[in-house]
Amino acid sequence: MSIDSGPRPTDAVTAPGDNTIPVAPAPAAPGKVSLWRLLLRDRLATAAAFVLVLVFLVGVFGPLVLGDIAREQNLDESTLPPFDPDHGWINILGTDPLGRSVLARLIVACRTTLLVALPAVALSCVIGSLVGMWAGYHRGRRETVAMRVADVIMSFPSLLLAVVVLYVYSPSIANIIAVLVITRIPIYLRTARAEAAELRSRLFVDAARTFGAGSATIIRRHVFPILLPTLLTVATLDFCYVMLAESSLSFLGIGIQPPDVSWGLMVSQGRTYLQTAWWLSFFPGLAIVLTTVSATVLAAWARIATDPGQRWRLTVPRSRRSRLFPTRKMVMPQ
């Protein structure tokens, strides 16, 4: 025995006179569109994501494929110009004064840059967000102490503090990461504190507290999931700053030290050859610009895509979006 609950969206509706009227299936709700489809609809964000994925894959697998090619010197091929297929594919971007391939050094430098930027962003995000959620939820003296510590750290210019610390101690990858983590923790701490302080007065948090949930459980199950999209957006933007900071420190000579190589160090080493070998600084600088711009574009897209109140903007075509929100020209009075 089956119970018919009524006509489904794909069924035909029978009208008087035995005439059937087909009913079209109901369209999918805009909120159910996956993030992957939303990303593919935005060409600029798709291109930015492709660039970042390419940089990550090159940094992980590139040095394994090249081996020691980036360190091999050949004075007979010193400062070869780029885009000459007669020099081989490995020298397609030219060579430096020691005959080393610029392309191979770019790939190896990509790994070094990621080894500094990714751990620095991850550690500062984890530490800052945990302390910020703890301080914002409990408020009182804990919040005051955490915010005063953050204010003290932010009172010093982060790049100047990194220069002073790395000048006193030996400039190494571990020291660079430690300095960048300390200087970037207040960004996540203040963001997480503000969000947690606002969420602790919501009705669902009060309901969880009424049913006996502890502070750690409420923060883990109710505060953190809402805060996560904001933290990911801030981390994506902070990745640009950390990578530029590492490049600046290497350019000043207190960052990555030879025989290691990074994009900033390549720019620093090539600045004395700008008149005769412009490609030594141009291609590392181009890699820095493309990576930072791609991360900024993807962060702007992620901020809209993870916000339920703004996600509809990505589902509306650009033509309809321009009709919904027409641009008005401002006429200045004569």
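In this text, all values refer to a predicted model and were calculated from it rather than measured experimentally.
- Counting heavy atoms from C-beta on, the side chains of Tyr137 and Val205 come closer than 4.5 Å.
- Counting non-hydrogen atoms of neighbouring residues, nucleotides and ligands closer than 6.0 angstrom, the CG atom of Leu160 exceeds 12 such neighbours.
- Using a 4.5 Å heavy-atom cutoff, the side chains of Pro82 and Trp278 are in contact.
- Ser78 and Pro97 make their closest contact through OG-O, 2.7 Å (heavy atoms, listed as atom of the first residue, atom of the second, distance).
- Side-chain contact between Arg200 and Ile218: absent, with no pair of heavy atoms (C-beta onward) separated by less than 4.5 Å.
- In this structure, Asp96 and Thr79 have side chains that are not in contact, with every pair of non-hydrogen atoms separated by 4.5 Å or more.
- Using a 4.5 Å heavy-atom threshold, the side chains of Ser124 and Ile187 count as separate.
- Between the side chain of Ser262 and the backbone N or O of Ile256 there is no donor-acceptor pair closer than 3.5 Å.
- Expressed to the nearest 0.5 Å, how far OH of Tyr188 lies from OG of Ser129 amounts to 9.0 Å.
- Side-chain atoms of Leu280 and Gln269, non-hydrogen and from C-beta on, never get closer than 4.5 Å to each other.
- Between the Ser268 side chain and the Leu265 main chain, no donor and acceptor come within less than 3.5 Å of each other.
- Taking all atoms of both residues into account, the shortest heavy-atom contact from Ile69 to Ala104 is CG2-CB, 4.2 Å.
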Can His222 and Thr217 be said to form a side-chain contact (heavy atoms from CB on, under 4.5 Å), step by step? CA-CA 8 Å; His222 301 285; Thr217 303; 5.9 Å; no
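- Side-chain contact check for Thr191 and Glu195: no donor-acceptor pair (N or O, by modelled atom type) lies under 3.5 Å.
- A salt bridge links Glu143 and Arg193; the closest N-O separation between the charged side-chain nitrogens and carboxylate oxygens is under 4.0 Å.
- Between Arg148 and Asp151, at least one side-chain nitrogen of the basic residue sits less than 4.0 Å from a carboxylate oxygen of the acidic one, meeting the salt-bridge criterion.
- Surrounding CZ of Arg190 are at most 12 heavy atoms belonging to other residues, nucleotides or ligands under 6.0 Å away.
- Checked by atom type and distance alone, the side chain of Ser250 never pairs as donor or acceptor with a backbone atom of Gly264 at under 3.5 Å.
- Atoms CG and CG, on Leu52 and Leu57 in that order, are 11.0 Å from each other to the nearest 0.5 Å.
- With hydrogens and angles disregarded, a donor-acceptor distance shorter than 3.5 Å links the side chain of Thr292 to the backbone of Ile288.
- Under a 3.5 Å cut-off, the side chain of Ser294 and the backbone N or O of Val51 do not form any donor-acceptor pair.
- Both Phe61 and Val53 are assigned to one and the same hydrophobic cluster, defined by single-linkage of ILVMFWY side chains at heavy-atom distances under 4.5 Å.
- Thr95 places no side-chain N or O within donor-acceptor distance of the main-chain N or O of Asn91, the cut-off being under 3.5 Å.
- A perpendicular orientation is assigned to the rings of Phe283 and Phe83, their planes being inclined by more than 60° (bins at 30° and 60°).
- Going from atom OG1 of Thr46 over to atom CG of Leu39 covers 4.0 Å, rounded to the nearest 0.5 Å.
- Summarising the geometry, atom CZ belonging to Arg41 is positioned 6.0 Å from atom CG belonging to Leu38; distances are rounded to the nearest 0.5 Å.
- The two residues Arg100 and Ala70 have their closest heavy-atom pair at CD-O, 3.6 Å.
- Counting heavy atoms of neighbouring residues, nucleotides and ligands inside a 6.0 Å radius, atom CZ of Phe50 does not exceed 12 of them.
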Side chains of residues 107-121: which donor-acceptor partners sit under 3.5 Å, not counting sequence neighbours?
residue: Thr112; atom: OG1; partner: Val108; partner atom: O; Å: 3.4
residue: Thr112; atom: OG1; partner: Val261; partner atom: O; Å: 2.9
residue: Thr113; atom: OG1; partner: Ala109; partner atom: O; Å: 3.0

Candidate pair Thr291 and Trp263, rule side-chain contact (heavy atoms from CB on, under 4.5 Å), full reasoning: CA-CA 11 Å; Thr291 306; Trp263 286 341; 3.7 Å; yes
If you look only at distance, which donor and acceptor atoms sit under 3.5 Å apart when one is on a side chain in residues 223-237 and the other is two or more places apart or in another chain?
residue: Thr233; atom: OG1; partner: Pro229; partner atom: O; Å: 3.0
residue: Thr236; atom: OG1; partner: Leu232; partner atom: O; Å: 2.8

Audit row: Val165, Ile182, side-chain contact (heavy atoms from CB on, under 4.5 Å) steps and yes/no: CA-CA 11 Å; Val165 172; Ile182 294 174; over 6 Å; no
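- With values rounded to the nearest 0.5 angstrom, Leu159 atom CG is found 10.5 Å from Leu244 atom CG.
- Two different hydrophobic clusters hold Val289 and Met243 under the rule that ILVMFWY side chains link at heavy-atom gaps under 4.5 Å.
- The two residues Gly253 and Gln257 make their nearest non-hydrogen contact at O-NE2, 3.0 Å.
- Interatomic distance, CZ of Arg105 versus CZ of Arg71, reported as 10.0 Å (0.5 Å rounding).
- With sequence neighbours excluded, no residue forms a ring pair (Phe, Tyr, Trp, His ring centres under 6.0 Å) with Phe251.
- The backbone N or O of Gly270 lies less than 3.5 Å from a partner atom in the side chain of Ser281, making a donor-acceptor pair.
- Ala295 and Phe239 make their closest contact through CB-CD2, 4.2 Å (heavy atoms, listed as atom of the first residue, atom of the second, distance).
- Side chain of Ser158 to main chain of Thr183: no donor-acceptor pair is present (N/O by atom type, distance under 3.5 Å, no hydrogens or angles).
- Although no hydrogens or angles enter the test, the distance criterion places no donor-acceptor pair under 3.5 Å between the side chain of Glu77 and the main chain of Gln73.
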What do the steps show when you test Ile219 against Leu130 for side-chain contact (heavy atoms from CB on, under 4.5 Å), and what is the final call? CA-CA 9 Å; Ile219 292 175; Leu130 288 178; over 6 Å; no
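- Placement of Leu98 and Leu106 in two distinct hydrophobic clusters is found when ILVMFWY residues are connected by side-chain heavy-atom separations under 4.5 Å, directly or transitively.
- There is no path of hydrophobic side-chain contacts, each under 4.5 Å, that joins Val149 to Ile185.
- Under the 4.5 Å side-chain heavy-atom criterion for ILVMFWY residues, a single connected hydrophobic cluster contains both Phe56 and Val58.
- Between Ala135 and Arg142, the shortest heavy-atom contact is CB-O, 4.1 Å.
- Open room surrounds CZ on Arg221; 12 or fewer heavy atoms of other groups in view lie less than 6.0 Å from it.
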